[in-house]
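Written out below as structure tokens is the structure these notes cover.
Residue numbers start from 1 in every chain, and the chains themselves are labelled A, B, ... in the order their sequence lines are given, proteins ahead of strands.
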There are 2 protein chains.
Amino acid sequence: MSKDFSTVLRTKGLKNTPTRKAILEVFPEDCKPINAEYIFDRLKKKDINLVTIYRNLDSFEQAGILKRLNLDKGSAYYELTGNHHHHHIVCTNCGSTEEFGAHDIENAINKISKSSLFGAINTHSLELFGVCKKCATVK
Amino acid sequence: MSKDFSTVLRTKGLKNTPTRKAILEVFPEDCKPINAEYIFDRLKKKDINLVTIYRNLDSFEQAGILKRLNLDKGSAYYELTGNHHHHHIVCTNCGSTEEFGAHDIENAINKISKSSLFGAINTHSLELFGVCKKCATVK
DNA sequence: TATCTAATTGCAAATTATTAACATTTAGTA
DNA sequence: TACTAAATGTTAATAATTTGCAATTAGATA
């Protein structure tokens, strides 16, 4: 069920290196967002330079393979660009995330985009912050 | 028309220092978000330490005097916690911001909050990114 | 009003996340 | 197989923010 990253890379005009495939393979199927450090840890045995990871995260984002998120966690998180547009709820206690998507929010945002004085609205970011069930009960 | 920051500080249990008032006075009435560096520059003649500014921005946010924003600009931006809830549109070209508020977006977010599996949703952040009219025409 | 104490500030150094410069290596093409 | 642009490793730099600690001060209290 795992994605064919070689093809993805080729399609995007990016060279198909073992390092790149290794990085992309770290990304969870379920779109859970991860950061550079996490990838670095997971690939410790492969001895991949952290700088290379940063560089590739950037390339992948440019290419549209990854989406960069702003989860207020101090570092940038990325997720595989899935086929469904969604947002995240972040637990301010443990950092866990959950995704959600809602048509009425997207519609409302689109309406704003159209009526805005701005020349063009290209993207948006929306995150909810709260306390997840686990943290809420443990406390 | 300018706010009485001494009272605000006292109310929040924060000591009423000249430094603090100076910092708060830098914040524009129109809620335009600013960052630590901007405040530092504006207060150069008062010779206030940048660390002190960072510390106070943090205290002020804790106290609810300021709101911290995530505008994808490399540093944290803050605005006076106004009485009206709103969000920002950020120009990805020049960094200028414009605010907007929309009831249907808030309502949709509230609905999500209620139906979420999360224990509690406390806050949310929503930013739109695009190119402002000025940048759109100049280009 | 003088004194006291916790809160605040300044200063220097540390940390964290990220980027830059540059030499070396390698994937993909000719 | 050779070539070249792209990718990688290494080291060092940068930007934003935080920490530790000593000196100062606001505001409470005697």
Is the phosphate of [N] approached by [X] (side-chain N or O, under 4.0 Å from OP1 or OP2)?
X: B:Asn56; N: C:dT9; answer: yes
X: A:Thr17; N: D:dT8; answer: yes
X: B:Ser75; N: D:dA15; answer: no
X: A:Arg20; N: D:dA7; answer: yes
X: B:Tyr54; N: D:dT18; answer: no

So [X], base contact, sugar-phosphate only, or nothing? Heavy-atom distance under 4.0 Å.
X: A:Ser59; answer: nothing
X: B:Asp58; answer: nothing
X: B:Asn16; answer: sugar-phosphate

Closest approach to the side chain of [X], judged atom by atom: which nucleotide of [options] is it?
X: B:Val51; options: C:dT18, C:dA27, C:dA12; answer: C:dA12
X: B:Ala76; options: D:dG9, C:dT9, D:dT17; answer: D:dT17
X: A:Pro18; options: D:dT8, C:dT9, C:dA27; answer: C:dA27
X: A:Lys15; options: D:dT10, C:dT8, D:dA6; answer: D:dA6

For [X] and [N], give me the distance from atom [atom1] to atom [atom2], rounded to whole Å.
X: A:Lys46; N: D:dA7; atom1: NZ; atom2: P; value: 19 Å
X: B:Ile39; N: C:dT9; atom1: CD1; atom2: C1'; value: 16 Å
X: A:Phe40; N: D:dG9; atom1: CZ; atom2: P; value: 10 Å
X: A:Leu14; N: C:dG28; atom1: CG; atom2: C1'; value: 13 Å
X: B:Tyr38; N: D:dA16; atom1: OH; atom2: P; value: 17 Å
X: B:Ile48; N: D:dT25; atom1: CD1; atom2: P; value: 14 Å
X: A:Asp72; N: C:dT16; atom1: CG; atom2: C1'; value: 16 Å
X: B:Asn70; N: D:dA16; atom1: CG; atom2: P; value: 14 Å

- Message: With nearest nucleotide decided by heavy atoms, which residue, A:Asn49 or B:Asn35, maps closer to the 5′ end of DNA chain D?
- Response: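 Result of the comparison: A:Asn49.
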- Query: Of B:Arg55 and B:Lys73, whose closest DNA chain D nucleotide lies nearer the 5' terminus?
  - Reply: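 Between the two, 5'-proximity favours B:Lys73.
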- In plain terms, say whether B:Asp58 and B:Arg55 are close enough for a salt bridge, that is, a side-chain N and a carboxylate O under 4.0 Å apart.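 Not counted as a salt bridge, because no side-chain N and carboxylate O are separated by less than 4.0 Å.
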- State plainly whether the residues A:Asp104 and B:Lys111 are in salt-bridge range, i.e. N to O under 4.0 Å.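 Salt bridge: yes.
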- Query: Can you tell me how far NZ of B:Lys67 sits from OG1 of B:Thr123, rounded to the nearest 0.5 angstrom?
  - Reply: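 It is 7.5 Å, given to the nearest 0.5 Å.
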- To the nearest 0.5 Å, what is the distance between CZ (B:Phe129) and CG (A:Asn122)?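 B:Phe129 CZ to A:Asn122 CG: 11.0 Å, rounded to 0.5 Å.
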- Query: Distance-only, no hydrogens or angles: does the B:Thr97 side chain make a donor-acceptor pair with backbone N or O of B:Val90 under 3.5 Å?
  - Reply: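 Side chain of B:Thr97 to backbone of B:Val90, a donor-acceptor pair under 3.5 Å: no, none is there.
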- Query: Do the ring planes of A:His85 and A:His124 sit parallel (below 30°), tilted (30 to 60°) or perpendicular (above 60°)?
  - Reply: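 Perpendicular, since the angle between the ring planes exceeds 60°.
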